[in-house]
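Following: one structure in structure tokens, then a few remarks.
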Amino acid sequence: GDIEEVFGIASSNIWDLDGSEDNGYALMRSPRGEIATLHATWSEWKGYRFHIEAYGDRGMARAYYAPMMSMLVSMDRPGGRRRRKYHFYPSNIIREKLRGWQSTTERTFHSEFADFLKLCKGEKGDIADGFDGFRAVEIANAVYRCTEEKKSIRLENPF
């Protein structure tokens, strides 16, 4: 759902690149009181095996890169028996070994652009819409403001 309040910190203590943080942390709250956290980093030192995780009351999903794979843990009910499912993407791994990581990036951009064209035609796509993009930038800017002002930032509905 939507985000109503953001508290976060951005730092550039590792790479010290002007205009680019190497770590960003965000704690976000929805209008219904649901909480989400985000940590984005350029200082992961375990061989560049990045991942993204999402947790819910009936499981979690984790997607890895280098090599590309994912894991899904699901339960019928909160606290129920856990089921794990792994997904591997050997064609992507082989393509990247032969043609480099840029080949996956290029395919991703083509897919995103095709979805963008669907949205422009009024069709349902798989990517986020314009408001989602606006809100993502607004959340990132709220984290920068939090870093400066040391207080949470309330997001208003602009529409």
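- Between Ile139 and Ile3 the shortest side-chain heavy-atom distance falls below 4.5 Å.
- Remark: His51 NE2 to Met69 CE distance equals 11.5 Å, nearest 0.5 Å.
- Ile153 contributes atom CD1, which lies 10.5 Å from atom CD of Glu148 (distance to the nearest 0.5 angstrom).
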Problem set entry | Candidate pair Glu138 and Arg135, rule salt bridge (charged side-chain N to carboxylate O under 4.0 Å, His left out), full reasoning | CA-CA 5 Å; Glu138 190 176 34; Arg135 200 53 129 189; 2.4 Å; yes

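- Of the possible donor and acceptor atoms, one in the side chain of Trp15 sits under 3.5 Å from a partner among the backbone N and O of Trp42.
- Of the charged side-chain nitrogens involved, at least one lies within less than 4.0 Å of a carboxylate oxygen, so that Arg29 and Glu5 count as a salt-bridged pair.
- Taking 4.5 Å as the limit, some side-chain heavy atom of Tyr144 sits within range of a side-chain heavy atom of Glu21.
- Residues Ala10 and Thr147 share a closest heavy-atom pair of N-OG1, 2.8 Å.
- In this structure, the separation between CE on Met28 and CG on Leu155 is 10.0 Å, given to the nearest 0.5 Å.
- Environment of CZ in Phe131: crowded, with over 12 heavy atoms of neighbouring residues, nucleotides or ligands closer than 6.0 Å.
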For this session: Just do the side chain to side chain contact (heavy atoms under 4.5 Å, CB included) check on Glu53 and Tyr55 with the steps written out, would you?
Result: CA-CA 7 Å; Glu53 298 174 335; Tyr55 293 84; 3.0 Å; yes

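- Contact detail for Val6 and Cys146: the closest heavy-atom pair is O-SG, 3.4 Å.
- Heavy atoms of other residues, nucleotides or ligands lying less than 6.0 angstrom from CZ of Phe88 number more than 12.
- Between Pro67 and Tyr89 there is no side-chain heavy-atom pair separated by less than 4.5 Å.
- The existence of a salt bridge linking Glu34 and Arg32 is confirmed by a sub-4.0 Å separation between a basic side-chain nitrogen and an acidic carboxylate oxygen.
- With 3.5 Å as the limit, one finds no donor-acceptor pair spanning the side chains of Thr37 and Tyr25.
- Residues Ile14 and Leu17 fall within the same hydrophobic cluster, defined by Ile, Leu, Val, Met, Phe, Trp and Tyr side chains chained together at heavy-atom separations under 4.5 Å.
- Counting only N and O atoms by type, the side chains of Ser12 and Asp22 include no donor and acceptor under 3.5 Å apart.
- Using a 4.5 Å cut-off between side-chain heavy atoms of Ile, Leu, Val, Met, Phe, Trp and Tyr, with links allowed through other members, Met60 and Ile35 fall into different hydrophobic clusters.
- Looking only at side-chain heavy atoms (C-beta outward), Lys118 and Phe113 stay at 4.5 Å or farther from each other.
- Dense packing is recorded around CZ of Arg62, with more than 12 heavy atoms of other residues, nucleotides or ligands lying under 6.0 Å away.
- Side-chain atoms of Ser103 come within 3.5 Å of backbone N or O of Gly100 as a donor-acceptor pair.
- Judged by distance alone, the side chain of Thr108 and the main-chain N or O of Thr104 form a donor-acceptor pair under 3.5 Å.
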Only distances under 3.5 Å count here; give the side-chain donor-acceptor pairs of residues 71-82 to other protein atoms, sequence neighbours excluded, each with its distance to 0.1 Å.
from: Asp76; atom 1: OD1; to: Arg83; atom 2: NH2; distance (Å): 3.0

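- Between Ile9 atom CD1 and His39 atom NE2 the span is 11.0 Å, to the nearest 0.5 Å.
- For Ile93, the CD1 atom counts as densely surrounded, since its 6.0 Å shell holds more than 12 non-hydrogen atoms of other residues, nucleotides or ligands.
- Smallest separation of non-hydrogen atoms from Glu149 and Lys151: OE1-CE, 3.0 Å.
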Exercise. Should Glu156 and Glu4 be marked as a side chain to side chain contact (heavy atoms under 4.5 Å, CB included) after you check the CA-CA gap, both sets of side-chain angles, and the distance that decides it?
Worked result: CA-CA 7 Å; Glu156 302 299 325; Glu4 178 178 80; over 6 Å; no

